[in-house]
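Per chain, numbering begins at 1; letters A, B, ... match sequence-line order.
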There are 2 protein chains.
Amino acid sequence: MLTEERHVFILNLLKEKEVVKIHELTKATGASESTIRRDLTDLEEAGLLRRVHGGAAKITKKRMELTMAEKTTRFSEEKLAIGRLAASLIEDNDCVFIDAGTTTLALIPFIKASNITAVTNGYDHLQILAEKGIEAYTTGGRLKQSTKALTGTGAVHGLQQYWFDKAFLGVNGIHVKAGYTTPDPEEAVVKREVLKRAQQTFIVTDASKFQESTFAYIANVEEAVIVTGKAPDKTKKMFQEKTDIKEALS
Amino acid sequence: MLTEERHVFILNLLKEKEVVKIHELTKATGASESTIRRDLTDLEEAGLLRRVHGGAAKITKKRMELTMAEKTTRFSEEKLAIGRLAASLIEDNDCVFIDAGTTTLALIPFIKASNITAVTNGYDHLQILAEKGIEAYTTGGRLKQSTKALTGTGAVHGLQQYWFDKAFLGVNGIHVKAGYTTPDPEEAVVKREVLKRAQQTFIVTDASKFQESTFAYIANVEEAVIVTGKAPDKTKKMFQEKTDIKEALS
DNA sequence: TAAAAAACAATCATTTTCAATCATTATTTC
DNA sequence: GAAATAATGATTGAAAATGATTGTTTTTTA
C-alpha cells in the first residue's frame, strides 16, 4: 500500500469515526507501527487531523472551516462591515465598477440593489457577481497571477467603453500628501482610468492603509470618498478637510 | 500498447481509483517501468494527475473540475488526441487566441511552446493558461454564465487591440453550405472578429459536429483549417476540396 | 503512589522507488 | 533506402519509504 493510499484511507476513516487507533490502522493497512506514526505526523502537519495518544482524531469542524477559508478568503469582522457599508451605497439601476482585491470582493455578497450592471477587473469578482445574478462585465487585459487582477493597457482600453455611476477601488496606501497609491503602475493606470469614468468613486480600505504610501500614484485624496471600518481620530481629522470618510464601525 | 493508449488508460483508471501504482501499470500495460514513469511525468506536466512515490494520484477535485469541465465523461482518446495535435501547432513566440469551450480547453495542457502570448474569452481558460506560466490576456466583455464565455461588443472591442498568429475556435456546426455556426449570435460576432484578426484559424472539433448547422453564422468552411480526431471518409471528401483537415487519429 | 503496560520519538539498516543516462529499437522524414 | 527523430527498456547511484530497535514518556492499574 502506497503512502498516498494510506493517507487517503486514514482520512476517509476519520470522516466516519471521531478517532482512529494506531493499532487498527496497522491491521487494516498491513503497514508497521512506525509507518503509521509517520503518516499521522505528516497528516497532522498538513492540518488534516489531530494526533492523540494512541491514534488520531478528526479535526473540529470549526478549525476545518477555518483552514478551508484561509485557503480561499477569510474576511475579518472589519472587512465584512466595510463590505456591508460599501454595498449599501449601490442603488437600483446603477452601473458600478468593482476593483480587484479582497476588500472589494467582500462587498459583493451584500449587494441588495436590483437591476444593476457591474464591471470588474477582478477574476474572482466576475464569477461571484455572475453567480449572484448580476449582469457582470470584465475589462479585459492581462491576468496578473499574484493578485488575480486584469491590468495594463488591455484593461484601460476595455474600460473606455463604459461609464459608471459609482466605482469601488482598493488601494495600498492613503496619504495626505502622496494621495492614493498602489505598488504596481500597471494597476495604477487602470484605477486612474476608472476615476475618470465614474461620477463617484469610493476607496474601500481597512484602517491599516492610512498614512501609508507605495510606489505608484493613483489620485489625490480629494478625488474619492473613503469607506473604511474605523479611522483613528488623528488621521480622521487630517483627511476630513479634504474628503468624506464613511466609517462602518462607529 | 501505444503511448496515447497508455495515457488514456492511466487517466481512466484514475477516474475510478484514488491512486495507481507503477507496478500495477507495468503489469496491465506490458510496458517497462521506465516507460510508465515517463508517461506519469508527461501527464503530470500536462496537469492531469499528480505523481506520488510509487505511482500517481488523482488531482484535487477542484482543479479537476477546472481542467476538465466534463466530470462524468471518461477521457476520450479523441479529445486528448485533438488537444495534443492542436497544441503542437503552436510554435515558440506565437501570439494565439484560444476560444472558450471544452474542446479548446483540452489543448491547453499540451502546449509546449515557450514565450507565447495567449488571449482568450474563456473564463476557465484564462486561469489555466496563467497557471501554466503563459502570458494570458482576456478579451473582456460580458460573462455568459452558461458557457463561461466572455461575449458581446465588450469582447469584440477588446479583441480589436490584438493581432494573432494563430487562433483556435470551437464551433457547434460545420456544414459544407452553412459553414461554421454556433447557437448564440453574441458569440458568433466574437468568433468572426477573431477570424479577421488571425493569420491562421483552426477549428478544433470532435467528429460529432460535421454536417450540423446551428443558428448563427460564423464563416465559410474555406476560412479556417479543421483540426479533429477522425473525420468520416464521406465528409472528408466533401470538405477536402474547400479546406485542410488535420486528423489526430489516423 | 508505585509498578506495569502501552505509546512514543529517535535512530538505523534494509528495501523500494526515483531520476538520469545509455544503448537499442521503432518511426518518420528526406 | 539512409539519416534523423522519437520511443523504449535496462542500468545506475541517489533518494525516499519502511520496519525493527532503542530508551523515554505517558497512561493505566494494582
Is Arg37(B) near enough to dC18(C) that one of its side-chain N or O atoms lies under 4.0 angstrom from OP1 or OP2?
-> yes
Whole-Å distance separating the CD1 atom of Ile22(B) from the P atom of dC18(C) = 4 Å
Reckon Ser32(B) has a side-chain N or O less than 4.0 Å from the OP1 or OP2 of dG9(D)?
-> yes
Roughly how many Å is it from NE2 in His53(A) to P in dA6(C), rounded to a whole number?
-> 11 Å
Do Phe239(B) and Phe210(B) have ring centroids that are under 6.0 Å from one another?
-> yes
Identify, between Thr3(A) and Leu2(B), the residue whose nearest nucleotide on DNA chain D lies closer to the 5' end.
-> Leu2(B)
Will you find, in the side chains of Thr102(A) and Lys79(A), an N or O donor that is under 3.5 Å from an N or O acceptor?
-> yes
Looking at Ser34(B), does any N or O in its side chain come under 4.0 Å of the phosphate oxygens OP1/OP2 on dA10(D)?
-> no
Please state whether the phosphate of dC8(C), meaning OP1 or OP2, lies under 4.0 angstrom from any side-chain nitrogen or oxygen of Arg51(A).
-> yes
Nearest non-hydrogen partners of Trp163(B) and Lys196(B), listed with the distance = CZ3-O, 3.7 Å
Find the distance Asp39(B):CG to dA19(C):C1' and express it as a whole number of Å.
-> 15 Å
Atom-to-atom span, CD of Glu33(B) to P of dA20(C) - whole angstrom = 15 Å
Check: His125(A) side chain, Gly101(A) main-chain N or O, donor-acceptor pair, under 3.5 Å | yes
Is the shortest heavy-atom distance from the side chain of Val52(A) to the side chain of Arg50(A) under 4.5 Å?
-> yes
In whole angstrom, what separates Leu40(A)'s CG from dA7(C)'s C1'?
-> 12 Å
Report the distance from atom NZ of Lys21(B) to atom P of dA17(D), rounded to the nearest whole Å.
-> 15 Å
Just to confirm, is there a sub-4.0 Å distance from OP1 or OP2 of dT8(D) to any side-chain nitrogen or oxygen of Arg6(B)?
-> yes
Here the distance between atom P of dC8(C) and atom NE2 of His23(A), to the nearest Å, is 13 Å
Length of the line joining Arg38(B):CZ and dC18(C):P, which is rounded to integer Å = 14 Å
